[in-house]
Asks: 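Please find one structure pasted underneath; my questions will follow.
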Amino acid sequence: MQSRFHLLMFAAILVSACGEEAPEMVPYDPARDYFSFANTGQFVTEHLALDLTVDFDKQELRGSATHRMRRIDSAATEVVLDTRDLDVTNVRVLLADGSAAAADFRFGETDAVEGSPLIVGLPEDFNSAAELKLELNYTTSPDSTALQWLPADLTAGGEHPLMFSQSQAIHARSWVPLQDTPAVRITYEATIRTPPQLLAVMSANNDPLTARSGEYRFEMPQPIPSYLLAIAVGNIFFAPLGEETGVYAEPELLEASVFEFADTQEMLEQAEGLFGPYQWGRYDLLVLPPSFPYGGMENPRLSFLTPSLLAGDRSLVAVVAHELAHSWSGNLVTNATWRDQWLNEGMTSYLESRLMEVIYDTDRANEERVLSYQELLLNLEVVPAEMQALAPRLDSGDPDDFQGTIHYSKGQLFLQYLEDAFGRDEFDAFISSYFDAFAFQTITTERFLDYLDEYLLQIESSKVGRADVEQWLYEPGLPETVPVPTSATLDAAQAMAAAWADKKVDVAEIPIDSWSPHATVHFINSLPANLSLDRVAELDAVFAFSNTQNAEIGRAWFIQVAELRYEAAYEPLIEYLNRYGRGRLITPVYAALAQNGSDLDRARDVFERARAAYHPITEASIARALGLDND
Ligand code: BES
Ligand code: ZN
């Protein structure tokens, strides 16, 4: 707020000097979070205490949030918090002697993306206190953008309702009034009251043996950014996977989850060997209903997962490796603002591939590297040049739209490039020292660059200069030195697709049974755009792609079905769009229908029928793909 004020002053001086508006003259400040109203230059929250009742009938959380804040600016008289759609009824300042004083509060102007600043005026007596306790009573809205309230029929069991949060990027403010910026780290504790037969879990010290009492206590002793605050409540049960690992799911999915994620304990152990100590205590998984909008979300101690990973063959568990790796890149060392997201996602994608290599083998890791590289190439065709930098200018729009594969896959390639340049041993030592140096801190791309420069680029044998790195960070596209990943098995699948399309081999000669699901995905992706419908039918008749239980094979297939307008498979395509709610799986299928020249209306119609079961985040991304206003 303070720096915003100074920038405004600066702009005002320019305006008066030039006699005209000069918005472009306000310099972009890469260290500033443009997506929070909080006056973090004046106060910062150090600890948060939540006391919330989970009301499924009203679809609301109700109770209090108490902030312990440290004053940074002795002249500050107001605290500004982020909120969205919160009904705040009372704000008090709590005194050390147990008494309390009411505080004035008001909402500032609402922004469609950022929500509403809550401005709390401090009673005069507090204007010099170095520490402050602020208690806010509030109720969330049923439209809270972070919370999805699922009726029983959208759960696996069909008998109990279920709710879960998704706070990243800037949705925490729609269930807790707080400083919703990754620049601030907090510890927290919570009391959560639920219907008695349901279990609450959080991104905190879940106790696998907890009694189902309807009142649950949580502590989170490690400081986390607000986007990692997480809660879920439902008919969920725990099963162990290893000493420090386990999985929560509805009972109907528990056995399949234990099978699918059986390698989690080993992943944790191998990750510690590669990246340094795991600093969070337990590592558990939570398998959510299909509407969970992402593949996974790295909520500390408890990654949230889509049930679409339950392929029955452990072929999709790279997502678990990814969320686990965030325990270092992201949760331990955190991006300062959403513009630095590649520090979280690119670094994590790189670590994920390293983990896949040791848990499985290099072939599998390379297959996954190639698939993500291929997606990056497609992405680079559509993302505007100025957003292709790893660390672009990001000061407007919705950070939820700032996703795609650039900061994942380009970030991964950048780190692979460094590994190749310095050698694995040297680079691994650098990575561990980086996690050590910045543990429980929040850093900008520029801070990373300085550290990299000091500890790696400066070594005598270094062939990488700062300018090389700056090209990755600040320029569009890929540098010429990009380490293009390769996979012999995917090459074979691609060659087979071409040979079959050219009628050089018969469908019976395609050895799909001996391929990994990744090779099958690549085979489907490699089919030519002009394939005739009878040949598509031939493939489907032999391989039954339309009936696949593997969500990634289904994704690749139904994108082709839509692009080629293979109407014979529209029924299973529609079934697919209703079975899954993960944006990555279904948004591109809708987009392919919308863009094939004849099915936009059909896509809109399917969406209208399916959307009630989707998460608002997925709903918004599909609405955009279909050219619909999402309101
Ligand atoms: N943290 C992300 C999900 C996310 C990113 C939520 C940005 C909100 C804003 C998570 O770790 C993630 O990357 N999930 C991927 C996993 C995949 C790349 C292995 C997903 O959901 O597809
Ligand atoms: Zn991630």
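Ligands are counted one by one from 1 in listed order, and the atoms in each one are counted from 1 as well. Computation of the quantities below employed the complete heavy-atom set of this structure, encompassing side-chain atoms and omitting hydrogens, waters and symmetry-equivalent molecules. One-based numbering along the sequence shown. The structure displayed is predicted, hence computed values, not measured ones.
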Asks: Got an N/O contact under 3.5 Å between Val319 and ligand 1?
Replies: no
Asks: Nearest 0.5 Å, please: how far is NE2 in His615 from OG in Ser291?
Replies: 7.0 Å
Asks: With sequence neighbours left out, write down each residue that passes side chain to side chain contact (heavy atoms under 4.5 Å, CB included) with Asn550, or none if nothing qualifies.
Replies: Ala311, Asp313, Ser315, Leu316, Pro517, Thr548, Glu552, Ile553
Asks: Any idea which part of His322 is under 4.0 Å from ligand 1, heavy-atom wise: side chain, backbone, both or neither?
Replies: side chain
Asks: If we only count N/O pairs under 3.5 Å, is Tyr408 in contact with ligand 1?
Replies: yes
Asks: Taking distance alone, no hydrogens or angles, what donor-acceptor pairs closer than 3.5 Å link side-chain atoms of residues 272-280 to residues at least two apart or in another chain?
Replies:
| residue | atom | partner | partner atom | Å |
| --- | --- | --- | --- | --- |
| Glu272 | OE1 | Tyr278 | N | 2.8 |
| Tyr278 | OH | Arg282 | O | 2.9 |
| Trp280 | NE1 | Ser327 | O | 2.9 |

Asks: Judging by distance only, is a nitrogen or oxygen of Glu345 under 3.5 angstrom from one on ligand 1?
Replies: yes
Asks: My understanding is that only residues two or more places apart in sequence, or in another chain, count here; which of them pass side chain to side chain donor-acceptor pair (under 3.5 Å) with Gln166?
Replies: none
Asks: Check the orientation of Tyr294 and Phe292. Use parallel for under 30°, tilted for 30 to 60°, and perpendicular for over 60°.
Replies: perpendicular
Asks: Quick check for you: to the nearest 0.5 Å, what is the distance between Ser203 atom OG and Ile231 atom CD1?
Replies: 9.0 Å
Asks: Contact between ligand 1 and Ala318 is defined here as a heavy atom of the residue under 4.0 Å from a ligand atom; is it met?
Replies: no
Asks: Do any protein N, O or S atoms sit under 2.8 Å from the Zn ion (ligand 2), and which ones are they?
Replies: His322 NE2, His326 NE2, Glu345 OE1
